[in-house]
Amino acid sequence: MEEGAALGAVVPAHGSAAVGHEGQTRSAVVTLLLEEGPITASDIGTRLGLSAAGVRRHLEALISGGEARVAPSAAVRGRGRGRPAKHFQLTAVGRNRLGHTYDDLAGAAMRQLRKIGGDAAIEAFARQRVDAIVADVEPVSGDGASDLEEAAGRIAEAFTAAGFAASTRVVGNGVQICQHHCPVSHVASEFPELCDAEREAFAELLGTHVQRLATIANGDCACTTHVPLSAPQDLGVPQSPGTPQASNIPQKRTTPSVMSGAQPRTGDRTSLRKELA
């Protein structure tokens, strides 16, 4: 049987059609490795109607790209007598390139959670999730800039371990926590509570107000959180713009004066009459 006959396709000699057919055949090999693996090259050829050379070409390309490998002997033990033929299977890289519907599943679960428990349930879940990520992060231990930088670094390390590829950088009078990847960005675009919970956890661990400048969920290239390294000076009770504080206004004392036209108090009027009599 000619290569590709099992796929109901004619093998083109050259051109873009040949490239397209090659990709379809490669996908069929990957599907067999996924569903039937570990599987021999002979079985692949039989199932797909490929020649030995065709199977070998596709397997070599997949192995070269790290998407497939020869299965360990333990995985194929007990599959007949005699010297066992080589069996092939997908690697983790190969599986990851197939794509997943995890985002769809997570989104459906979150929508159902909101339907059952309302916004409070979503917020509680989001906070439990971020608390699990930073469970081993020690809060800031001092009030100096270096203490905040170190604590921000610990947060970045925890998020990197969770798959967020996080780092820190000093910018102006603050330090920024940058998450260069977000495994849940598609879900977070629908449920911003996930981002809000992260910001709240950062603020609590750092003991200061933090500000989210950008998020991948909103289409930015990274999630960036600004942490000020110096607290604003305490100016007491806020005043309206342009209004000086009462404590800074000098109190001017005035005394009644006849010449100035000021009105004297009642007691002063009696004394004044006696002086003029």
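All values below were derived from every heavy atom in this structure, side-chain atoms included, with hydrogens, water molecules and symmetry-related copies excluded. Residue numbers run from 1 in the order of the sequence given.
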Carboxylate-amine/guanidinium contact Arg47 Asp43, below 4.0 Å: no

Nearest heavy-atom neighbours spanning His209 and Pro228: O-CD, 3.1 Å

Any side-chain heavy-atom pair of Gln89 and Leu33 under 4.5 Å: no

Point-to-point distance, once rounded to the nearest 0.5 Å, from CZ of Arg199 to OG1 of Thr215: 12.0 Å

Spacing of OG belonging to Ser167 relative to CD belonging to Gln176, to within rounding of 0.5 Å: 10.0 Å

Rounded distance (nearest 0.5 Å) linking atom CD of Glu190 with atom CG of Asp103: 11.0 Å

same_hphob_cluster(Val210, Val134) at 4.5 Å side-chain heavy-atom cutoff: yes

Approximate separation, where rounding is to 0.5 Å, of Leu34 CG and Ser27 OG: 12.0 Å

Donor-acceptor pair, side chain of Thr46 and main chain of Ser42, under 3.5 angstrom: yes

Closest approach of Ile216 to Cys182 (non-hydrogen atoms, all atoms of both residues): CD1-N, 3.7 Å

Check against side-chain contact (heavy atoms from CB on, under 4.5 Å), Leu59 and Ile44: CA-CA 10 Å; Leu59 287 175; Ile44 292 175; 4.1 Å; yes

Phe159 and Phe202 aromatic centres sub-6.0 Å: yes

Salt-bridge contact Arg114-Glu193 (side-chain N to carboxylate O under 4.0 Å): yes

Short side-chain to backbone donor-acceptor contact, Thr168 and Ile177, under 3.5 Å: no

Same cluster (ILVMFWY, side-chain, under 4.5 Å), Val170 and Val140: no

Check: His181 side chain, Gln179 main-chain N or O, donor-acceptor pair, under 3.5 Å: no

Connected via hydrophobic side-chain network under 4.5 Å: Val187 and Ile133: no

Whether over 12 other heavy atoms sit under 6.0 Å from His226 NE2: yes

CG on Leu113 to NZ on Lys115, rounded to 0.5 Å: 12.5 Å

Co-membership, hydrophobic cluster, residues Val70 and Ile39, 4.5 Å side-chain: yes

Note, Glu149 side chain near Val227 side chain (heavy atom, < 4.5 Å): no

Nearest non-hydrogen partners of Leu90 and Glu67, listed with the distance: CD2-O, 3.3 Å

N/O donor-acceptor pair under 3.5 Å between Thr91 side chain and Gly66 backbone: yes

Thr40 side chain near Phe88 side chain, heavy-atom distance below 4.5 Å: no

Any Val29 side-chain heavy atom under 4.5 Å of Leu50 side chain: yes

Shared hydrophobic cluster, Val137 / Val175 (ILVMFWY, side-chain heavy atoms < 4.5 Å): yes

pair Thr225-Cys223: side-chain heavy atoms closer than 4.5 Å: no

Contact summary for Ala217 and Cys195, nearest pair of heavy atoms: CB-SG, 4.5 Å

Where Arg154 and Pro139 come nearest, the two heavy atoms and their spacing: NH2-O, 3.3 Å

Value rounded to 0.5 Å, distance of CD1 in Ile122 from CZ in Arg111: 10.0 Å

Heavy-atom pair with the smallest gap, counting every atom of His58 and Thr25: NE2-CG2, 3.3 Å

